[in-house]
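When reading the values below, keep in mind they use all heavy atoms of this one structure, side chains included, and skip hydrogens, waters and symmetry mates.
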There are 2 protein chains.
Amino acid sequence: MTVTSVHDPSHREALWELEAAFERGDLITAFGRCTVSYTGRAASELGSGDRLVVLKPDGAALVHTDEGRTPVNWQPPGSEHHAAVREGRLRVRSVRSSPAETLTVRFSDVHQLSTMTVTGGRDLDLHGSEEDLRTRVLERPALVDPGFEPRETERPTSAGPVDVFGVDGAGRPVVVELKRRRVGPDAVGQLDRYVEAVREEYRTGGFDDDRADTDGDDGDVHSDGDDGEGDDGDDDAGSDDDDGDGVRGVLVAPSITDRAAALLADRGFEHVALDPRPEGTDGDGRVSDDAGADDDRRGRNDEE
Amino acid sequence: MTVTSVHDPSHREALWELEAAFERGDLITAFGRCTVSYTGRAASELGSGDRLVVLKPDGAALVHTDEGRTPVNWQPPGSEHHAAVREGRLRVRSVRSSPAETLTVRFSDVHQLSTMTVTGGRDLDLHGSEEDLRTRVLERPALVDPGFEPRETERPTSAGPVDVFGVDGAGRPVVVELKRRRVGPDAVGQLDRYVEAVREEYRTGGFDDDRADTDGDDGDVHSDGDDGEGDDGDDDAGSDDDDGDGVRGVLVAPSITDRAAALLADRGFEHVALDPRPEGTDGDGRVSDDAGADDDRRGRNDEE
DNA sequence: CGTGCCAGGTGCCAT
DNA sequence: ATGGCACTTGGCACG
């Protein structure tokens with residue numbers, strides 16, 4: 001049995017179905033007239049109306065109206081669903097602790113209640129994320145700067161992990177912050193924190209013990225062979241070569257807003273325009289070159 | 001007719017139901033075995049499996065697995081839903097432009113398809129947001145600082161709108177940034193940008209023409225009567241009274257992380273611990289005092 | 001579990 | 001439309 005469905009069930013019927021579905025670990029949808037109360041990190045009340053309520057076996061709960069991508073109310077995974085009949089209404093309650101939160105849906109009428117057994121994979125294969133951008137940068141560092149040499153990814157600093165850290169042609173340390181989309185002032189602030197942290201690090205003599213003691217296992221860039229060129233850029237740093245303090249800050253993103261650009265200039269940082277996905281993939285995802293291993297879209301009859 | 005539901009429909013049947021539901025402006029749920037393709041700002045592929053697909057009349061589309069609060073794939077409101085039978089599968093496609101994005105769901109089997117007419121309100125009454133925190137601060141400015149006098153909310157600066165702007169007992173300008181929850185380094189960066197903008201503003205002589213020309217209609221704090229006290233604080237600013245440049249920065253939030261606190265101290269700013277909801281409302285939402293106009297939870301029988 | 005950060009973030013409201 | 005920001009942000013990875 002994969003799907004059960006009851007129309008206009010009595011509250012007792014609905015309760016029975018719900019508890020059986022909880023037991024089975026089914027996905028549940030309930031459509032009916034209800035009010036919704038939430039209390040926890042915040043608190044909310046929603047007056048009576050028809051809504052679609054989705055209860056997942058992992059504890060997630062969603063209350064959807066006919067509008068919006070975001071549910072009006074919800075409960076994250078890890079909650080526990082309970083059902084009961086109280087004061088003539090079917091009460092579905094989803095509770096979690098830490099933080100303590102309760103979502104209560106009170107149905108005056110259940111128009112339809114369905115339960116379904118879910119099978120099959122849920123692994124999404126996604127392209128175009130920041131990780132893809134990082135890959136692009138690591139594969140072709142010249143896109144960032146002619147002489148750029150990546151040395152480490154997720155390089156730890158006192159201000160947090162630097163996306164890509166390396167040196168330029170002149171041996172100056174370069175802090176690269178990656179963003180998959182157009183950036184605003186916040187990204188500049190982020191870059192600024194990282195650059196300042198690295199500068200401070202160099203100032204106090206290379207080792208502030210800020211860098212967590214990862215033994216080059218995780219974040220190191222694939223060594224291309226040439227190591228004997230100035231191993232950690234400790235010699236050239238500290239002198240005010242160009243601007244700032246010898247440490248360059250580079251924001252790699254498709255584009256940047258005016259305010260962010262102003263802030264960036266103020267800090268003496270740079271912006272490099274780069275897309276997370278290489279050229280040839282436009283908004284519709286058509287790949288001009290690189291005929292990938294896509295075996296679903298073959299017959300291109302795209303009407304309707 | 002509010003709800004229609006078909007079990008294991010043929011693709012033709014399902015297609016018929018779908019198009020009728022589109023026509024009626026109904027909310028649609030489809031449960032079945034499908035693959036999902038998305039392309040637009042990014043691109044993704046999801047292999048075959050059972051999923052719950054929700055199609056809303058406003059154009060929103062959701063694809064849910066049995067896990068997570070967030071749909072594996074989706075389309076925001078404003079999209080257009082289309083259905084067709086292609087290559088022996090039921091294809092549901094949701095398309096939007098700007099940005100150009102397409103979500104395609106291909107059903108090999110539809111286990112259940114339901115359509116529902118939605119009526120009733122969707123206005124959520126939410127408490128505990130940043131706006132509530134602002135209200136608290138405006139009603140009791142002393143919570144921020146003994147002599148604090150709010151002057152303006154959403155005060156425009158070259159760096160963006162300042163949550164609350166005012167003066168302290170010594171007549172110094174105060175920039176207040178509000179956060180409804182525990183803050184990290186980003187919030188300090190935000191406050192820093194605002195304070196710097198205000199300082200620059202004062203430095204260049206009160207009017208940099210940064211402040212957008214809102215004629216005191218929107219952001220002004222309710223005038224309490226006393227206006228003849230130094231109308232815009234132009235006299236005392238510019239002298240390095242305490243630290244920084246005579247402009248104070250205050251981060252109002254329930255709590256703050258260590259890193260953020262360090263940054264805050266570095267900038268010479270302050271943290272004021274304040275909750276968006278007044279004392280007496282704990283995590284479970286029980287209000288100790290202030291018996292509000294809540295008329296739903298009366299009989300407190302809270303078992304199961 | 002808290003800290004920090006990315007996300008196809010979404011949503012709201014401003015210019 | 002773009003911009004800046006809040007959000008019960010959610011989700012993940014790491015210390």
[N] versus [M] - spacing of their [atom1] atoms, nearest Å:
N      : M      : atom1 : result
D:dG11 : C:dG11 : P     : 15 Å
C:dA7  : D:dA6  : C1'   : 16 Å
C:dC5  : D:dT8  : P     : 22 Å

Return no unless some side-chain N or O of [X] is found under 4.0 Å from OP1 or OP2 of [N].
X       : N      : result
A:Arg41 : D:dT9  : yes
A:Thr70 : C:dG11 : yes
A:Trp74 : D:dG10 : yes

request  = Return the set of residues passing side chain to side chain contact (heavy atoms under 4.5 Å, CB included) with B:Val72 (not counting sequence neighbours), or none when no residue passes.
outcome  = B:Leu46, B:Val63, B:Thr65

query = For the base of C:dG8, is there a side-chain donor-acceptor partner from B:Gln75 under 3.5 Å away?
reply = yes

query = Do B:Asp258 side-chain and C:dT3 base share a donor-acceptor contact under 3.5 Å?
reply = no

inquiry  = Side chains of A:Val198 and A:Phe165, heavy atoms from C-beta outward: is any pair under 4.5 Å?
reply    = yes

At under 4.0 Å between heavy atoms, what does [X] touch on the DNA or RNA strands: base, sugar-phosphate, or nothing?
X       : answer
A:Pro71 : nothing
B:Pro99 : nothing
A:Gly68 : sugar-phosphate
B:Ala60 : nothing
B:Ser44 : nothing

task = Would you kindly say whether B:Asp132 and B:Thr135 are connected by a side-chain donor-acceptor distance under 3.5 Å?
result = no

note = What residues 176-195 of chain B contributes to the DNA chain D interface at heavy-atom separation below 4.0 Å is B:Glu177, B:Lys179, B:Arg180, B:Arg181, B:Gln190, B:Arg193, B:Tyr194

ask   = DNA chain C: B:Leu103 or A:Arg69, which has the more 5' nearest nucleotide?
value = B:Leu103

message = Quick check: on DNA chain C, is the nucleotide nearest A:Ala159 upstream (toward 5') of the one nearest B:Tyr38, or the reverse? Name the residue that is more 5'.
response = A:Ala159

A:Arg96: partners by salt bridge (charged side-chain N to carboxylate O under 4.0 Å, His left out), with sequence neighbours left out = A:Glu101

query = Can you tell me if A:Arg193 uses its side chain to pair, donor with acceptor, with the backbone of B:Gly189 under 3.5 Å?
reply = no

